Visitor: 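Could you have a look at this structure, given as structure tokens, before my questions?
Naming: A, B, ... by sequence-line order, numbering from 1 per chain. Note that this is a predicted model, so its numbers are computed, not measured.
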Protein chains: 2
Amino acid sequence: MIMNGLQNISEIKKCPVQYVLAINDTLNVISGKWKLPILASILYGNYRYKDIQTNIDKITPRMLSKELKELELNGVITRNVYDSTPVRIEYKMTESGKNILTVLDVMVDWGVSHRKSTLKHSD
Amino acid sequence: MIMNGLQNISEIKKCPVQYVLAINDTLNVISGKWKLPILASILYGNYRYKDIQTNIDKITPRMLSKELKELELNGVITRNVYDSTPVRIEYKMTESGKNILTVLDVMVDWGVSHRKSTLKHSD
DNA sequence: TATATTGATATACTTTTGTATAGTAAAAAT
DNA sequence: ATTTTTACTATACAAAAGTATATCAATATA
């Protein structure tokens, strides 16, 4: 028996390295304690450092700086320095960053239906 | 100016607590170093502890046990004890677990298009 | 009877991630 | 002139996540 238990290998076999890299890219952008709150805050209209900090509340400046840098490095947000007086610095979503919402949408869908299917009313 | 910079608040305002919980559930299932490799391995047809361990190779038994327990607790896989001699133990995806593929699909999509848009040929 | 295999657990350690708290420079407001 | 605001950085520490290595009980195989 050469197929040892597998009914239809064609559906799961095709998973090139690029897909794994792509998934890891996506995970890097959204995992960690503060990434989603920060992205949500910016999407909500809080563009300035202080605004985001005030909006999220429990975040320390160290974490906020660290995460903003990483998000910028990953091409999800931009850091714009406006040379008005005083200097204004605004963080905004890139086009690609905005598209992460499509990922969050299906994550909500799966999460909700999974909660229903397991009927866990705890936590 | 009462809308302070926001063009269309209706699109982003609606984000109930349940959505946040749902996203966190989903993240818990797929984040961490070994979750996806383990799920992929089981989906690929490796149901037994040893099979998964051999398939993933660099994983330690401690991590494999820990993650399998967590995945079971989260309702993504089941642990089935078959009382043949010797005892066989098989880990399999739940129906809900199989559906996580829809999430991975859009994560691949976003990751690929994001890579294109930022043109990072490094790492 | 001795060795190998399966499905793990135990203990100690390192690395990564996040927290707590203080401080800073430049400009604005009082 | 002093205080406040903005946008951070620095240092030390705690907690979570992951690694390394050894061990184990039950059965199977040589």
Side-chain angles (χ1 to χ4, degrees), chain A residues 4-5 20 24-42 45-74 76-92 123, chain B residues 4-5 20 24-42 45-74 76-92 123:
Chain A
N4 51 218
V20 177
N24 281 329
D25 283 1
T26 312
L27 272 177
N28 281 337
V29 165
I30 57 180
S31 62
K33 187 171 182 183
W34 299 111
K35 299 272 173 59
L36 285 179
I38 291 170
L39 293 179
S41 192
I42 295 174
N46 299 294
Y47 302 129
R48 301 182 65 182
Y49 188 94
K50 197 73 193 185
D51 295 342
I52 302 168
Q53 191 181 227
T54 308
N55 182 236
I56 298 183
D57 173 52
K58 286 291 166 66
I59 197 169
T60 61
R62 184 183 191 273
M63 274 298 114
L64 184 52
S65 296
K66 208 168 149 285
E67 300 291 54
L68 286 172
K69 263 175 203 161
E70 219 179 306
L71 289 167
E72 196 197 356
L73 201 76
N74 286 334
V76 182
I77 62 173
T78 52
R79 182 182 187 271
N80 310 291
V81 183
Y82 298 98
D83 59 347
S84 51
T85 47
V87 217
R88 259 179 157 260
I89 290 161
E90 289 192 347
Y91 295 93
K92 296 209 173 158
D123 63 348
Chain B
N4 50 218
V20 178
N24 281 329
D25 283 1
T26 311
L27 271 177
N28 281 337
V29 165
I30 57 179
S31 63
K33 187 172 181 181
W34 300 111
K35 298 271 173 60
L36 285 180
I38 291 170
L39 294 179
S41 192
I42 296 173
N46 299 293
Y47 302 129
R48 302 180 64 181
Y49 188 93
K50 197 74 193 182
D51 294 343
I52 301 168
Q53 191 182 228
T54 307
N55 183 236
I56 298 183
D57 172 54
K58 287 291 167 66
I59 197 170
T60 61
R62 185 185 191 271
M63 274 299 113
L64 184 51
S65 296
K66 208 168 150 282
E67 300 291 54
L68 286 171
K69 265 177 200 159
E70 219 179 306
L71 288 167
E72 196 197 356
L73 201 77
N74 286 335
V76 182
I77 61 173
T78 52
R79 181 182 187 270
N80 310 290
V81 183
Y82 299 98
D83 58 347
S84 51
T85 46
V87 219
R88 258 180 157 260
I89 290 162
E90 288 191 348
Y91 295 94
K92 295 207 175 159
D123 62 349

Visitor: Starting the side chain at C-beta, find the nucleotide from D/dT27, D/dG18, C/dT19 nearest to B/M63.
Guide: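 Of the candidates, D/dG18 comes closest.
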Visitor: According to side-chain contact (heavy atoms from CB on, under 4.5 Å), who are the partners of B/P61, at least two apart in sequence or on a separate chain?
Guide: B/Y49, B/Q53
Visitor: How long is the span from the CD1 atom in A/I77 to the CG atom in A/L68, to the nearest 0.5 Å?
Guide: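 Separation between the atoms: 4.5 Å.
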Visitor: Rounded to whole angstrom units, what separation is found between the CD atom of A/E72 and the P atom of D/dA7?
Guide: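 In whole Å, D/dA7 P and A/E72 CD are 15 Å from each other.
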Visitor: Nearest whole Å is fine: how far is D/dG18 C1' from B/I56 CD1?
Guide: 14 Å
Visitor: Expressed as a whole number of angstroms, how long is the span from A/Y47:OH to D/dA7:C1'?
Guide: 19 Å
Visitor: Taking CG from A/D83 and C1' from D/dT6, how many angstroms apart are they, rounded to a whole number?
Guide: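 These atoms are roughly 16 Å apart.
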Visitor: Rounded to whole angstroms, how far apart are NZ on B/K66 and C1' on D/dA20?
Guide: 15 Å
Visitor: Ignoring hydrogens and angles, tell me if any N or O in the side chain of A/S84 forms a donor-acceptor pair with the backbone of A/P86 under 3.5 Å.
Guide: yes
Visitor: Give, ordered by number, those residues of residues 27-38 of chain A having at least one heavy-atom distance below 4.0 Å to an atom of DNA chain C; if nothing qualifies, reply none.
Guide: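 Close to the strand are A/G32, A/K33, A/W34.
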Visitor: Can you give one letter per nucleotide of nucleotides 1-8 of chain C, going 5' to 3': B for a protein heavy atom under 4.0 Å from the base, S for sugar-phosphate only, - for none?
Guide: -----SSB
Visitor: What distance separates B/N24 CG from A/K33 NZ, expressed to the nearest 0.5 Å?
Guide: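 Those atoms lie 11.5 Å apart.
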Visitor: List the residues meeting side chain to side chain donor-acceptor pair (under 3.5 Å) with A/R79, not counting sequence neighbours, and say none if there are none.
Guide: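 So A/R79 forms a side chain to side chain donor-acceptor pair (under 3.5 Å) with A/Y91.
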Visitor: Apply salt bridge (charged side-chain N to carboxylate O under 4.0 Å, His left out) to residues B/K35 and B/E70 and explain how you reach the verdict.
Guide: CA-CA 9 Å; B/K35 298 271 173 60; B/E70 219 179 306; 3.5 Å; yes
Visitor: With sequence neighbours left out, what residues match B/E90 under salt bridge (charged side-chain N to carboxylate O under 4.0 Å, His left out)?
Guide: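 For B/E90 the salt bridge (charged side-chain N to carboxylate O under 4.0 Å, His left out) partners, ignoring immediate neighbours, are B/R88, B/K92.
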Visitor: Taking only residues two or more places apart in sequence, or in another chain, which ones meet B/N55 in a side chain to side chain donor-acceptor pair (under 3.5 Å)?
Guide: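 Expected list: B/S41, B/N46.
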Visitor: Using heavy-atom distances to pick each residue's nearest nucleotide on DNA chain C, tell me which of A/E67 and B/R62 is more 5'.
Guide: B/R62
